[in-house]
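Lettering of chains follows the sequences in order, A, B, ..., and the numbering in each one begins at 1. Just so it is clear, the model here is predicted, and its values are computed rather than measured.
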Amino acid sequence: MPLSHTLSKPNTFRKLAETAQAIAETRGSNAKIARCSQYFSTLENDRDLDLAACFLGEGAFSDVSGKRASVGSRTTSTLAADFCEIDYDLVFKPCKTATGSASETIEKLFTNIQEAKDKWSGRGLSLEEVKNIYDRLYEVSSRNDKQQILQESWEQMTPLEVKYFIRIMGRGSLRIGFESKSITSALAKAFDHPVKDIRHVHMLTGSIGKTAVMAKNNQLHEADFQLFQPVAFMLASPVESRSVEDFEAYVAEEKFDGMRCQLHAKGDEVKIFSRDLNDISGSFPEIIKEFAAKELPGTVLDGEICVYKEDTIQPFQLLQQRMGVKKPSKKIQKEYPVALISFDVLYHNEETLFAKPLTERRKLLNELSGEYQLPVTIQKAITAEEDVDVLFKQALEHGNEGLMLKHKHSAYEYGQRKKSWLKVKQPGGSLDTIMMYAHAGSGKRGGTYSDFTLGVSVREDERYEEEFIPIGKAYGGYTDDELKKLNARIKEITAEKYGPTLGLYPDIVIELEFDDIQVNKRTKANYTLRFPRFKAIRWDLSPDDVDTLKDVERLFEEKLNQERLGQAQNPSFEVK
DNA sequence: ATTGGCTGCCC
DNA sequence: ATTCTGC
DNA sequence: GCAGAATGGGCAGCCAAT
């Protein structure tokens, strides 16, 4: 069979890469959807459709598979440099800075460099073969083995294929203006089903590939919720309390600064899943044991895991030291005792409750709390903004993050960020900082400096010799227009260039907003900021006006002195 | 046996 | 997590 | 109003270098 014929077959990886590129170059979401839909229609084989939908919509592995390639930009980039026989630091890195994308750089280099072209066998791979490569990458662990597999694969791919192979392998976006919403629309169009049906089945199965196959074979109605298979979480939209209109329609509960989780239980079988649908049961054995002992009938709960010690909810930083621990020792379990505080019930006694209004789900949750001794959040009625203000203050006193306002009649809208759940938070503070370094952006921000290191003043601080020291980085909170102005000014105040980073003369003052200050001994300042973002570019201020490290220390002390109220007084959760 | 770099995944 | 932009 | 895209800090786990 002639090569060209083989390669034009729809089930080749080349066809998928070409389709992705065509989608990227197409303007307008409807046109993109049409282009993708047409591609899906050409895939005759179920397995190929499964893989194609998974690659375009989720990546190398289905979200619920728990598998990862564990290949990052360093591994791919150094190998790419070797592949082209160029120096990584001297040639590859500058190219990456210019294009703003490692995979884009690799595509360009492979297209233009003879050493890379010489390695190409031109054989081409099927979707199934590429899937096998991803599986092999998951199975090996050393970087050498991973690079060996990558090298062999790239020899059989065109530069365009390599680009998408890398993007699919990572957990990030394909950056073709086409994420899960568009994929579901494309499947709806290709196989003639309502978008909402496709979306619903996607939520239930957790797999876009499976959903695609079911859509093709008219099996969407067969999809059903299954215990121990996690569903996407309902998310909340940020609001300022003054912008809420009908307070009576909402109930308030405190927003815990912990780890969101979905618990599935039946008898002594219990599993918990993280927001990204990873199985995190192993990290919290005492929660598993505790719920196993309760012998619940088939039940799914939505809640938050917190470190809870001496009747007090402990800071998130303490929980962080447990989150990633795969097999926590007895010592760790004792030092960081955790509690799962539930706030919703999604399934009980063979019945899914997603479509029921919140009030009804809550009624059941309260009953379960009484029957099985489950800690649940306390919901409070509100009628006006003043109520929210009072409750918000109480939440902060508990060491909680803020308030959730939940629409009383809302269904559990999984996987979506709607206005049924609102989160009310308040910035932890702000600092006037100096811009110290500017870093090259990537993707659509390629070619500009879009990411900045901000510093506080230590000019009159005997502990330091320099004028300013970094306190955090920020990349957002400015408009595209402001970014242009910043880039113009940066050109004029560049002192040094280190690869993708510019060292700047002190000139631009940024009002930096953040949610929290934390101690971090590994940094020069000893402190870092949680969720730093631009609040304003202070063209009106000069480097002399920048806040000092002593100001940071003072803010931190103030925070520490606000003692956390134990749950014994005025609790934010209870057992009915 | 330690340390540092890379990766994934919580917020 | 947060934020801005295009549709 | 939603979806998409580009990015923050910090932790554990794992591998590579020393």
Spacing between A:I280 atom CD1 and B:dC9 atom P, to the nearest angstrom: 12 Å

Value in whole Å for how far the C1' atom of D:dG10 lies from OH of A:Y336: 13 Å

Any A:S70 side-chain N or O less than 4.0 Å from OP1/OP2 of B:dC6: no

Measuring to OP1 and OP2 of B:dG8, would you say a side-chain N or O of A:N278 lies under 4.0 angstrom away? no

Would you indicate, yes or no, if D:dA5 has its OP1 or OP2 atom less than 4.0 angstrom from a side-chain nitrogen or oxygen of A:S173? yes

Remember a base hit wins even if backbone is also touched, and classify A:R167 as base, sugar-phosphate or nothing at under 4.0 Å, heavy atoms. nothing

Apply side chain to side chain donor-acceptor pair (under 3.5 Å) to A:E25 and list each qualifying residue two or more places apart in sequence or on a separate chain. A:Q21

From the set B:dC10, B:dG8, D:dG4, return the single nucleotide nearest to any side-chain atom of A:K181. D:dG4

Quick check for you: among B:dC11, B:dT7, D:dC11, whose closest atom lies nearest to any side-chain atom of A:S73? B:dT7

Give the ring-plane orientation class for A:H439 versus A:Y437, where under 30° counts as parallel, over 60° as perpendicular and anything between as tilted. tilted

Choose from C:dT3, D:dG9, C:dC7 the nucleotide whose nearest atom is closest to any side-chain atom of A:E513. C:dT3

Start with the C-alpha gap between A:F273 and A:V64, add the side-chain angles, then the distance that decides, and say whether side-chain contact (heavy atoms from CB on, under 4.5 Å) holds. CA-CA 10 Å; A:F273 300 93; A:V64 291; over 6 Å; no

Less than 4.0 angstrom between a side-chain N/O of A:R74 and OP1 or OP2 of B:dC6, yes or no? yes

CG of A:D257 versus P of C:dT2: gap in Å, rounded? 11 Å

When we call it a touch if two heavy atoms are under 4.0 Å apart, what does A:K67 touch: a base, just sugar-phosphate, or nothing? nothing

Remember a base hit wins even if backbone is also touched, and classify A:R322 as base, sugar-phosphate or nothing at under 4.0 Å, heavy atoms. nothing

Over all strands shown, is A:E179 touching base, sugar-phosphate only, or nothing at heavy-atom distances under 4.0 angstrom? sugar-phosphate

With A:H407, which of A:W421, A:Y250, A:Y412 fulfils ring-ring contact (aromatic ring centres under 6.0 Å, His included)? A:Y250

May I ask you to list the residues of residues 527-536 of chain A, by number, that have any heavy atom positioned under 4.0 Å from an atom of DNA chain D? A:T528, A:L529, A:F531

Name the residue closer to the 5' end of DNA chain D, choosing between A:F178 and A:D451 according to the nucleotide with the nearest heavy atom. A:F178

Regarding A:K423, tell me which of base, sugar-phosphate or nothing describes its non-hydrogen contacts under 4.0 Å with the strands shown. sugar-phosphate

I want to check a possible cation-pi pair here: A:K406 against A:F343, using under 6.0 Å from ring centre and within 45° of the ring axis as the test. yes

Quick check for you: among B:dC9, D:dC11, C:dC4, whose closest atom lies nearest to any side-chain atom of A:Q320? D:dC11

For A:I176, report the nucleic acid contact type (base, sugar-phosphate, nothing); a contact means any heavy atom under 4.0 Å. sugar-phosphate

Reckon A:R522 touches a base, only the sugar-phosphate, or nothing at all at heavy-atom distances under 4.0 Å? sugar-phosphate

Residue mapping more 5' on DNA chain D - nearest nucleotide basis, A:G472 or A:I183: A:I183

Could you tell me whether A:G28 contacts a base, only the sugar-phosphate backbone, or nothing, with contacts defined as non-hydrogen atoms closer than 4.0 Å? nothing

Between C:dT2 atom C1' and A:E240 atom CD, what is the distance in whole Å? 14 Å

OP1, OP2 of D:dC11 versus side-chain N and O of A:Q317: anything below 4.0 Å? yes

Ignoring the backbone of A:M323, work out which of D:dG8, D:dA6, B:dC10 is nearest its side chain. B:dC10

Which protein N or O atoms sit under 3.5 Å from an N or O of nucleotides 16-18 of chain D?
{"from": "D:dA16", "atom 1": "OP1", "to": "A:R143", "atom 2": "N", "distance (Å)": "3.2"}

Verify the contact: side-chain N or O of A:K327 to OP1 or OP2 of D:dG13, cut-off strictly under 4.0 Å; return yes or no. no

Closest heavy-atom pair, A:S101 versus A:R167, reported as atoms and distance to 0.1 Å, is OG-NH2, 3.5 Å

If we ignore angles and hydrogens, is there a donor and acceptor under 3.5 Å between the side chains of A:N30 and A:R35? no

From NZ of A:K146 across to C1' of D:dC14 the rounded distance in Å is 10 Å

Could you work out which one of C:dC4, D:dC11, D:dA3 sits closest to the side chain of A:R199? D:dA3

Determine the contact category for A:T75: base if any of its heavy atoms lies under 4.0 Å from a base atom, sugar-phosphate if only primed atoms, P, OP1 or OP2 are that close, otherwise nothing. sugar-phosphate

Strictly below 4.0 Å: does A:K326 bring a side-chain N or O up to OP1 or OP2 of D:dG13? no

Starting at atom CD of A:E58, determine the distance to atom P of D:dG4, rounded to an integer number of angstrom. 14 Å

Need one value for A:Y478: base, sugar-phosphate or nothing, where a base atom within 4.0 Å counts as base even if backbone is also close, heavy atoms only. sugar-phosphate

A:E240 with A:R242: basic N within carboxylate O range, under 4.0 Å: yes

So, for A:A24 and A:Y164, which heavy atoms are closest and what is the spacing to 0.1 Å? CB-OH, 4.1 Å

What does A:L319 touch in the nucleic acid at a heavy-atom separation under 4.0 angstrom: a base, only the sugar-phosphate, or nothing? nothing

side-chain N/O A:S274 vs B:dC10 OP1/OP2, d < 4.0 Å: yes

Judged by atom type as modelled, is there a donor-acceptor pair below 3.5 Å linking the side chain of A:K146 to the main-chain atoms of A:A69? yes

Mind checking A:G441 for me? I need base, sugar-phosphate or nothing, with any heavy atom below 4.0 Å counting as a touch. sugar-phosphate

Atom CD of A:E401 and atom C1' of C:dT2: how far apart are they, to the nearest Å? 12 Å

Consider salt bridge (charged side-chain N to carboxylate O under 4.0 Å, His left out). Of A:R533, A:R530, A:K559, which one does A:D515 pass it with? A:R533

Between A:F233 (CZ) and B:dC9 (P), how many Å, whole number? 15 Å

Could you check whether A:R322 pairs with A:E286 (Lys NZ or Arg NE/NH1/NH2 to Asp/Glu carboxylate O, under 4.0 Å)? yes

Between A:E397 and A:R564, is the closest basic N to carboxylate O distance under 4.0 Å? no

